[in-house]
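In what follows, a structure is listed as structure tokens, so that the remarks can point back to it.
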Amino acid sequence: MDTPLSTIAVVGLGTMGTGIAEVLALAGREVIGIDISEAAALGAVASFEASTARAVGRGRITEEERAAALARFRTADTLQAAADAELVIEVVPESYEIKQQVFRELDAVVSPTTILATGTNALSVTRLAAESQRPERVLGLHFFNPAPAMKLVEVVSSVLTAPPAVEAVTALARELGKEPVAVGDRPGFVADGLLFGYLNQAAAMYEANYASREDIDAAMKLGCGLPMGPLALLDLIGIDTARTVLEAMYAESHDRLHAPAPILGQLSSAGLTGRKAGRGFYTYDAPGGQDVVPDALTPAAGAEAGAGRAVASVGVAGSGTMASGIAEVFAKAGYGVVLAARTQEKADLAKGRIAKSLERSVSKGRLSAEARDETLARITAAGSLDAFAEVDLAVEAVAEDLEIKQQLFAALDKVCRPGAVLATTTSSLPVVAIARATARPEDVIGMHFFNPAPAMKLVEVVRTVLTADEVHATVRAVCAKIRKHPVDCGDRAGFIVNALLFPYLNNAIKMVEQHYASLDDIDAAMKLGGGYPMGPFELLDVVGLDVSLAIEKVLHKEFRDPGLAPAPLLEHLVAAGCLGRKTGRGFREYARR
């Protein structure tokens, strides 16, 4: 079954089909683009001509290479044109009926050795293969959009697929300069299987009016380094397409996290399917446009919830990395900072850590020596919370333990002057439970910084049902002065970032538990197919498996959703002391330094 795959037919010349055809032709394959629509065929040719002209202009290919590639691409309006193809890739609409009809017609046209590949990301490859006369030659070949730019290709085998067919298309993918990842047949495969669950949760979060669309998107971009926020990404993918994928995932998994959020169905039914319609979660300049324009939900520029309190001095409680980072941020912004720890020695060590951080900034040319000295001079190290007596804002950054934080806030309540704002940096605990440890819960708010605080731009501003408007406005204004981006959210487990991030990480662990894909393939799929800066297992090992497990437990306890139960593999690794990079072993092993 040695198949050279030199002549390839692409059925369906929409955006994806056209992109795949371009990749193949530029790689030296003879390509037959097939579409019943003459307009689609003409559009594919025009798109190919335009994109290759741009490539010549940018020096990526020569004019001769462009001419040769264009000559290798021809179009047709009937499947008969695929008769001599050694591989057929269908990218027609996500419908069993349409795809099965294509496969039935191809069975009567192509050679018995021709490989038939479906580009589906939501439908069962096995079900499509079973309808074919040659199921052993049917597999999935899932490119990502835009196909010329995206490196990931998921090669999907069913229980019926012959290994030589898989080997042939895997070799082809590598020759195209792609990174093939071998996966089994289940809706969403790896990348979309993880991505769409996360997108669905973001849609549900917005639908619950927990946070604005702008804050949800900003939180995930700034907090996780993602190229796009989830709601903007849903608009790009197509809200109807996302709903179709989720329906298929839910039908297989029965996991409530995959049950499409009702808002996806409502928007789809209203024709508000995203960019292609000119409106989805956001409103665009035109159907197919990419520029967001203001609408009734767009927040007014500079709008804040009333006037806040004056803040000139800040107290930071804690001596760890987060406390030091937060103190550095405030001092750089011109605030007088009291950095208090349990002992003077610990406070001095924390200030020393800040001095080293500032020195690194000087050595890299990011900070002048004068600014370094001025910043350090604004920081007073103290061995007791008594030093917070006159601060305008007290920020705690101690251990993520409710009892410890409650004890600290009870102490702050006695020490800090009336009118001082009291902020907790908790990432998972209920802020109101911390606030109730004081006699002034209206002055308590969450300010969830991200690590490393000097570099990360996001702060989740967490209001409780008791937080005063004035306190909220104060913290928003402070965030602006320290050059952080505040996002508003209510007091519930995980806030925005962790509530969306950790179920995604947990689902990745479940994929490994089920032997569906390897650690390396899952990490590669999310980096190459989702644009994530780190794969889920790389990130878990950096965050710490014990920290991740604790957050998963908090989410599961609050939302009571079985799909949020921590993966047993995570619990087992933590029990074994395999906590990630900090112990030298987590999901992977690391060299001891």
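Heavy atoms only: backbone and side chains are in, while hydrogens, waters and symmetry mates are out.
Atoms CE and CD1, from Met205 and Ile263 in turn, are 13.5 Å apart once rounded to the nearest 0.5 Å. Atom-to-atom distance recorded for Leu555:CG and Phe559:CZ is 6.5 Å, nearest 0.5 angstrom. From Tyr504, atom OH reaches atom OH of Tyr532 across 5.0 Å, with rounding to the nearest 0.5 Å. The distance from atom CG of Asn507 to atom CG of Leu195, rounded to the nearest 0.5 Å, is 12.0 Å. Here the straight-line distance linking atom CG of Asn506 with atom CD1 of Ile551 works out to 11.5 Å at 0.5 Å rounding.
With 3.5 Å as the limit, one finds no donor-acceptor pair spanning the side chains of Asp488 and Ser212. A side-chain donor-acceptor contact under 3.5 Å links Ser158 and Thr161. Counted by atom type alone, Thr120 and Glu94 present one or more donor-acceptor pairs between their side chains at under 3.5 Å. Under 3.5 Å, the side chains of Thr7 and Asp84 contain no donor-acceptor pair of N or O atoms. With hydrogens and angles left out, the side-chain atoms of Gln101 and Glu105 include a donor and acceptor closer than 3.5 Å.
Minimum interatomic distance between Val23 and Pro148 (heavy atoms only, all atoms of both residues): CG2-CA, 3.5 Å. The minimum heavy-atom distance linking Asp295 with Thr283 is given by the pair OD2-OG1, 2.8 Å. Across Pro93 and Lys99, no two heavy atoms sit closer than the pair O-CE, 3.5 Å. Heavy-atom minimum distance, Leu106 versus Ala82: CD2-CB, 4.1 Å. Among all heavy-atom pairs drawn from Leu564 and Glu552, the shortest one is O-OE1, 3.6 Å. For the pair Phe73 and Phe48, the tightest heavy-atom approach, listed with the atom from each and the gap, is CD2-CD2, 3.4 Å.
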Test Leu234 against Tyr206 for side chain to side chain contact (heavy atoms under 4.5 Å, CB included), laying out the working first.
CA-CA 12 Å; Leu234 278 164; Tyr206 173 71; over 6 Å; no

Give the C-alpha distance, both sets of side-chain angles, the deciding distance and a yes or no for side chain to side chain contact (heavy atoms under 4.5 Å, CB included) between Val462 and Cys489.
CA-CA 5 Å; Val462 187; Cys489 49; 3.9 Å; yes

Does the side chain to side chain contact (heavy atoms under 4.5 Å, CB included) test come out yes or no for Arg186 and Gln514, once each step is laid out?
CA-CA 12 Å; Arg186 74 183 212 183; Gln514 295 162 6; 2.7 Å; yes

How far apart are the C-alpha atoms of Ile237 and Leu199, what are their side-chain angles, what is the distance that settles it, and do they pass the side chain to side chain contact (heavy atoms under 4.5 Å, CB included) test?
CA-CA 11 Å; Ile237 292 168; Leu199 296 177; 3.8 Å; yes

Begin from the C-alpha positions of Glu558 and Arg492 and carry the test salt bridge (Lys or Arg N to Asp or Glu O under 4.0 Å) through to its verdict.
CA-CA 8 Å; Glu558 173 134 338; Arg492 75 179 200 188; 5.8 Å; no

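For the pair Arg29 and Glu86, the salt-bridge criterion is not met [side-chain N within less than 4.0 Å of a carboxylate O]. Electrostatic pairing of Arg243 and Glu247 counts as a salt bridge here, judged by a charged N lying under 4.0 Å from a carboxylate O. Here Asp235 does not pair with Arg213 in a salt bridge; the nearest charged N to carboxylate O distance is not below 4.0 Å.
Looking only at side-chain heavy atoms (C-beta outward), Leu116 and Leu128 stay at 4.5 Å or farther from each other. Between Tyr282 and Glu214, the closest side-chain pair of non-hydrogen atoms falls below 4.5 Å. Within the 4.5 Å cutoff, the side chain of Ile509 has heavy atoms near those of the Phe537 side chain. Contact of the Arg60 side chain with the Arg54 side chain is not registered, since no non-hydrogen atoms from C-beta on lie closer than 4.5 Å. Taking the side chain as every heavy atom from C-beta outward, Val88 and Val109 never approach each other to under 4.5 Å. With a 4.5 Å cut-off on side-chain heavy atoms, Val183 and His142 do not count as touching. Inter-residue side-chain proximity for Phe196 and His258 is flagged as unmet; no heavy-atom pair is nearer than 4.5 Å. Residues Leu500 and Ile216 are in side-chain contact: their nearest non-hydrogen atoms beyond the backbone lie under 4.5 Å apart.
Between the Asp35 side chain and the Leu13 main chain, a donor and an acceptor come within less than 3.5 Å of each other. No donor-acceptor pair under 3.5 Å is formed between the side chain of Asn200 and the backbone N or O of Leu246. Although no hydrogens or angles enter the test, the distance criterion places no donor-acceptor pair under 3.5 Å between the side chain of Lys484 and the main chain of Glu460. Remark: the backbone N or O of Leu172 is not paired with any side-chain donor or acceptor of Lys178 at under 3.5 angstrom. In terms of modelled atom types and a separation under 3.5 Å, the side chain of Asp291 and the main chain of Asp285 share no donor-acceptor contact. The backbone N or O of Gly490 lies less than 3.5 Å from a partner atom in the side chain of Tyr210, making a donor-acceptor pair. Checked by atom type and distance alone, the side chain of Lys510 never pairs as donor or acceptor with a backbone atom of Ala567 at under 3.5 Å. The main-chain N or O of Leu152 is never found under 3.5 Å from a side-chain atom of Glu179 such that the two would form a donor-acceptor pair. Proximity of a side-chain donor or acceptor of Glu154 to a complementary backbone N or O of Val190 within less than 3.5 Å is detected. Not a single donor-acceptor pair under 3.5 Å links the side chain of Thr18 to the backbone N or O of Thr15.
By the 30° and 60° cut-offs, the orientation of the rings of Phe450 relative to His448 is tilted.
Within 6.0 Å of CD1 in Ile98 there are more than 12 heavy atoms belonging to other residues, nucleotides or ligands. The number of heavy atoms from other shown groups lying within 6.0 Å of CD (Gln290) does not exceed 12. The local environment of CD in Glu63 is crowded, with over 12 non-hydrogen atoms from other residues, nucleotides or ligands closer than 6.0 Å.
Between Asp107 and the options Arg137, Gln133, Glu131, a side chain to side chain contact (heavy atoms under 4.5 Å, CB included) holds for only Gln133.
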Hey, can you pull the donor-acceptor pairs under 3.5 Å for the side chains in residues 265-275, sequence neighbours left out?
| unit_1 | atom_1 | unit_2 | atom_2 | d |
| --- | --- | --- | --- | --- |
| Ser268 | OG | Leu264 | O | 2.8 |
| Ser269 | OG | Gly265 | O | 2.9 |

